[in-house]
J.: 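Right, I'll just put the structure down here and ask away after.
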Amino acid sequence: MIEVHSMNQRQADVVIVGAGLAGLAAARALAAAGADVIVLEARERVGGRVYTRPASDGTLLDLGAQWIGPAQQRIAALAQAVGAATFPTYVDGLNIEYRDGQRATYAGAIPMNDPIAAMETIETLLELNLMAQDVPLDAPWTAARAAEWDAQTVASWMEAHVSSEIARMWLTLGVQAVFSAEPRDLSLLHFLLYVHSGGSLNELISVTRGAQEQRFREGAQSIAEKVAVALGDRVILNAPVHTISQDDRVVCVESDGVTVTGKRAIIAIPPTLAGRLRYRPALPAHRDQLTQRVPMGTVIKVHCLYAAPFWRGDGLSGQVASDSGIVRVTFDNSPASGSPGVLLSFIEGDEGRVWGRRGIDERRAAVLECLARYFGAKAGEPLEYVEQNWAEEEYTRGCYAGYLPPGVLSMYGDALREPIDRLHWAGTETATVWNGYMDGAVQSGERAAAEVLALL
Ligand SMILES: Cc1cc2nc3c(=O)[nH]c(=O)nc-3n(C[C@H](O)[C@H](O)[C@H](O)COP(=O)(O)OP(=O)(O)OC[C@H]3O[C@@H](n4cnc5c(N)ncnc54)[C@H](O)[C@@H]3O)c2cc1C
């Protein structure tokens, strides 16, 4: 018998925990099918890792997710359905390569100034793409070489297979940029699954024809907000869920504000946060041991605003690939109008771990010193500096997504999506396509909704 403690009680067919894109996509699909649904969201806003704020001049800044690529059909369909328009990421001009204290320029996705290293980088990308094709998206632990690949990290594989130190350094930068974690953190099997789920490494790291191709005119959070508006009072904000109980009749989801009883629940939050909820009865060891093993990446996303995108006049795209410094990857993040100029910098992986513990003034000075080195003195004097440290966020605890260290996928991977009686799991970490991306979040929500609908 379930004991309910909250005075504020509601009922629905399906209770959803989390109003990120996964939870909202699930709610939208369920509501469209006529199911009665309630979404409980911890924050005072919807969107989760999708979060758009205005700078002081009103320029919209995506402090979380922002890009969409041509192969990301689910988020594109959702954006189109709610009327969220896109525009192309600025790519004209040359990119900057900063290596061994020297600045050079290059065109394309991979720095080419050391031809031998560039050749080995390209060959390694091709080899990893081929290996990724051998990892089944829905059951990666069944890959012929799953045990071997899940027993090593991306770093140990690179040590054994990539001879050029410069190629290893660029590949490391690629891993940091895609996972906001270090090659030593990641299971090679998980890395290959992630690559396969997004098509290829080339698609993951590219702007043109890749995952960084387009941005949303009103910011990416506008998609979540538009979905939430259509759902109306089915979405309840400021309702952090802490306890989920189930018996053979119902599931009861208790939050700080309201308790909802339903037939099924969809938990659409990152696995590590799902592991912090209390379950009655307690979850099986297999599921709990999984959620003990899915850490989030570490990223601080920084926007610097200038009167104009002055680097464009210098024939530069605004993109940097660097071997050193707090910021190693940058993009031109100016609005579609091109005014003001906005440089986007990422502080990723170990840099995020080290610098996240320091004060904002020290961090800002280090970021601006890097930008001045890449783009000249003007870059060191922005009109405004805006940063978002995702590891500090109580209801996210890191980004871009949860990743898997060695051994987890082959031993616990089946617990990522497997329902436990009335509980179903969503969130981008459970996606089989574009895992870790907005597209994966939408797929996971729609998959969980279909699972539930089949059982209602
Ligand atoms: C800086 C950054 C850049 C990124 N860039 C891109 C990009 O360019 N393109 C791209 O496709 N993806 C990008 N991503 C990844 C993308 O944001 C995520 O894959 C996607 O938004 C995840 O959606 P989700 O619904 O699975 O999870 P979330 O967005 O994390 O949603 C979970 C929701 O649950 C809520 N919640 C948590 N705990 C509780 C609780 N106890 N009770 C109730 N509610 C709770 C949270 O507040 C949140 O709203 C980026 C992420 C970050 C942070």
Side-chain angles (χ1 to χ4, degrees), residues 15-27 39-51 61-69 72 74-76 79 89 177-180 198 204 207 210-216 220-221 223-224 227-228 235-244 253-258 266-278 296-303 331 333 344 346-348 352 387-391 393-402 425-431 434-445 448:
V15 195
I16 297 175
V17 180
L21 284 171
L24 292 170
V39 186
L40 295 175
E41 166 55 48
R43 288 175 161 107
E44 75 298 341
R45 64 173 181 86
V46 299
R49 283 172 266 182
V50 179
Y51 182 37
L61 305 177
D62 273 318
L63 305 186
Q66 63 174 52
W67 287 298
I68 171 176
Q72 298 178 346
R74 290 160 195 83
I75 184 71
T89 304
V178 169
F179 291 89
S180 56
L204 296 191
V207 176
Q212 283 71 235
E213 192 175 74
Q214 303 272 331
R215 292 162 55 202
F216 291 97
Q221 196 189 359
I223 306 169
V227 174
V235 180
I236 302 176
L237 301 178
N238 300 306
V241 168
H242 51 77
T243 306
I244 301 182
V253 180
E254 291 175 65
S255 76
D256 284 356
V258 56
I266 296 174
I267 293 119
I269 63 181
T272 193
L273 295 187
R276 296 179 188 184
L277 305 182
R278 182 149 46 124
M296 304 297 282
T298 313
V299 66
I300 304 170
K301 188 171 179 182
V302 181
H303 286 89
F331 289 90
N333 233 24
L344 164 62
F346 289 109
I347 308 174
E348 288 164 326
E387 62 166 39
Q388 173 80 5
N389 183 350
W390 283 92
E393 289 285 308
E394 182 178 6
Y395 297 112
T396 307
R397 283 303 182 200
C399 273
Y400 310 107
W425 311 104
T428 193
E429 286 78 8
T430 70
W434 289 102
N435 187 297
Y437 289 76
M438 294 186 279
D439 196 69
V442 173
Q443 186 223 25
S444 77

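Atoms within a ligand are numbered from 1 in the order they appear, just like the ligands themselves.
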J.: Would you mind reporting whether Val17 and Leu40 have side-chain heavy atoms less than 4.5 Å apart?
T.: no
J.: When you look for heavy atoms under 4.0 Å from ligand 1, do you find them on the side chain of Tyr437, its backbone, both, or neither?
T.: both
J.: Run through Ile223, Val235, Val39 and flag the one making a side chain to side chain contact (heavy atoms under 4.5 Å, CB included) with Val46.
T.: Val235
J.: Within the structure, does Trp67 bring an N/O atom to less than 3.5 angstrom of an N/O atom in ligand 1?
T.: yes
J.: Whether the side chain of Ser444 engages the backbone of Gly427 through a donor-acceptor N/O pair (distance < 3.5 Å, no angle test) should be reported.
T.: yes
J.: Can you find a non-hydrogen atom of Ala401 under 4.0 Å from ligand 1?
T.: no
J.: Going by the order shown, which atoms of ligand 1 are within less than 4.0 Å of some heavy atom of Gly48?
T.: 29 (O), 48 (C), 49 (O)
J.: Check whether any side-chain heavy atom of Arg278 lies under 4.5 Å from a side-chain heavy atom of Glu254, and answer yes or no.
T.: no
J.: Report, in ascending order of atom number, the atoms of ligand 1 lying under 4.0 Å from any heavy atom of Met438.
T.: 9 (N), 10 (C), 11 (O), 12 (N), 19 (O)
J.: Heavy-atom distances under 4.0 Å decide this one: backbone, side chain, both or neither, for Ala426 against ligand 1?
T.: neither
J.: Closest non-hydrogen protein atom to atom 41 (N) of ligand 1, residue and atom name please, with distance?
T.: Val241 O, 3.0 Å
J.: Starting from atom 32 (C) of ligand 1, what is the nearest protein heavy atom, named by residue and atom, and what distance separates them?
T.: Ala268 O, 3.4 Å
J.: For Gly47, counting its heavy atoms only, list the atoms of ligand 1 lying under 4.0 Å from any of them.
T.: 29 (O)
J.: Hey, could you give me the CD1/CD1 distance between Ile16 and Ile267, rounded to the nearest 0.5 Å?
T.: 10.5 Å
J.: Contact between Val15 and Ile244 at the side-chain level, heavy atoms closer than 4.5 Å - yes or no?
T.: no
J.: Side chains of Met296 and Glu429: closer than 4.5 Å at any heavy-atom pair?
T.: yes
J.: Between Ser180 (side chain only) and Tyr400 (backbone N and O only), is there a donor and an acceptor less than 3.5 Å apart?
T.: yes
J.: I'd like to know if Leu63 contacts ligand 1, where contact means a heavy-atom distance under 4.0 Å to any ligand atom.
T.: yes
J.: Mind checking whether Arg43 and Thr396 have side chains closer than 4.5 Å, heavy atoms only?
T.: yes
J.: Which is closest to atom 25 (O) of ligand 1 by heavy-atom distance: Ala220, Gly402, Ala441, Ala22?
T.: Ala22
J.: I need the nearest protein heavy-atom contact for atom 51 (C) of ligand 1: residue, atom name and distance, please.
T.: Tyr400 CD2, 3.7 Å
J.: Distance under 4.0 Å to a non-hydrogen atom of Gly436: what atoms of ligand 1 satisfy this?
T.: 15 (C), 18 (C), 19 (O)
J.: Please confirm whether Gly427 comes within less than 3.5 Å of ligand 1 when only nitrogen or oxygen atoms on both sides are compared.
T.: no
J.: For atom 26 (O) of ligand 1, what is the closest protein heavy atom, and at what distance to 0.1 Å?
T.: Thr428 N, 2.9 Å
J.: So which protein heavy atom does atom 47 (O) of ligand 1 come closest to, and at what separation?
T.: Glu41 OE2, 2.6 Å
J.: With a heavy-atom distance limit of 4.0 Å, tell me whether Pro240 approaches ligand 1 through its side chain, its backbone, both, or neither.
T.: backbone
J.: Taking 4.0 angstrom as the limit and counting only heavy atoms of Cys399, give me the atoms of ligand 1 inside it, by number and element.
T.: 52 (C), 53 (C)
J.: Below 4.5 Å, heavy atoms only, C-beta onward: do Asp439 and Ile68 meet side chain to side chain?
T.: no
J.: Taking 4.0 angstrom as the limit and counting only heavy atoms of Arg49, give me the atoms of ligand 1 inside it, by number and element.
T.: 17 (O), 21 (O), 22 (C), 24 (P), 26 (O), 27 (O), 28 (P), 29 (O), 30 (O)
J.: State if Leu24 counts as touching ligand 1 under the rule of any non-hydrogen atom under 4.0 Å.
T.: no
J.: Residues in ring-ring contact (aromatic ring centres under 6.0 Å, His included) with Trp434, at least two apart?
T.: Tyr437
J.: Specify side chain, backbone, both or neither for Ile68, according to which of its non-hydrogen atoms lie closer than 4.0 Å to ligand 1.
T.: neither
J.: Can you check whether Arg43 has an N/O within less than 3.5 Å of an N/O in ligand 1?
T.: yes
J.: Atom 31 (O) of ligand 1: which protein heavy atom is closest, and how many Å away?
T.: Gly20 CA, 3.3 Å
J.: Tell me: protein heavy atom nearest atom 43 (C) of ligand 1, and distance?
T.: Ala42 N, 3.3 Å
J.: Give the numbers and elements of all ligand 1 atoms closer than 4.0 Å to a heavy atom of Lys301.
T.: 1 (C)
J.: Quick one: nearest non-hydrogen protein atom to atom 16 (C) of ligand 1, plus distance?
T.: Ala65 CB, 3.8 Å
J.: Taking Thr89 for its side chain and Gln212 for its backbone only, find out whether a donor-acceptor pair lies under 3.5 Å.
T.: yes
J.: With side chain to side chain contact (heavy atoms under 4.5 Å, CB included) as the test, pick out the partner of Lys301 among Asp62, Leu63, Ile347.
T.: Asp62
J.: Phe346 versus ligand 1: do any nitrogen or oxygen atoms come within less than 3.5 Å of each other?
T.: no
J.: Just jot down the ligand 1 atoms closer than 4.0 angstrom to any heavy atom of Leu40, in number order.
T.: 43 (C), 44 (N)
J.: Using distance alone, determine whether Trp390 and ligand 1 share an N or O pair under 3.5 Å.
T.: no
J.: Quick one: list whatever passes ring-ring contact (aromatic ring centres under 6.0 Å, His included) with Tyr51, sequence neighbours left out.
T.: none
J.: Is Phe331 close to Gln66 at the side-chain level, that is, under 4.5 Å between some pair of heavy atoms?
T.: no
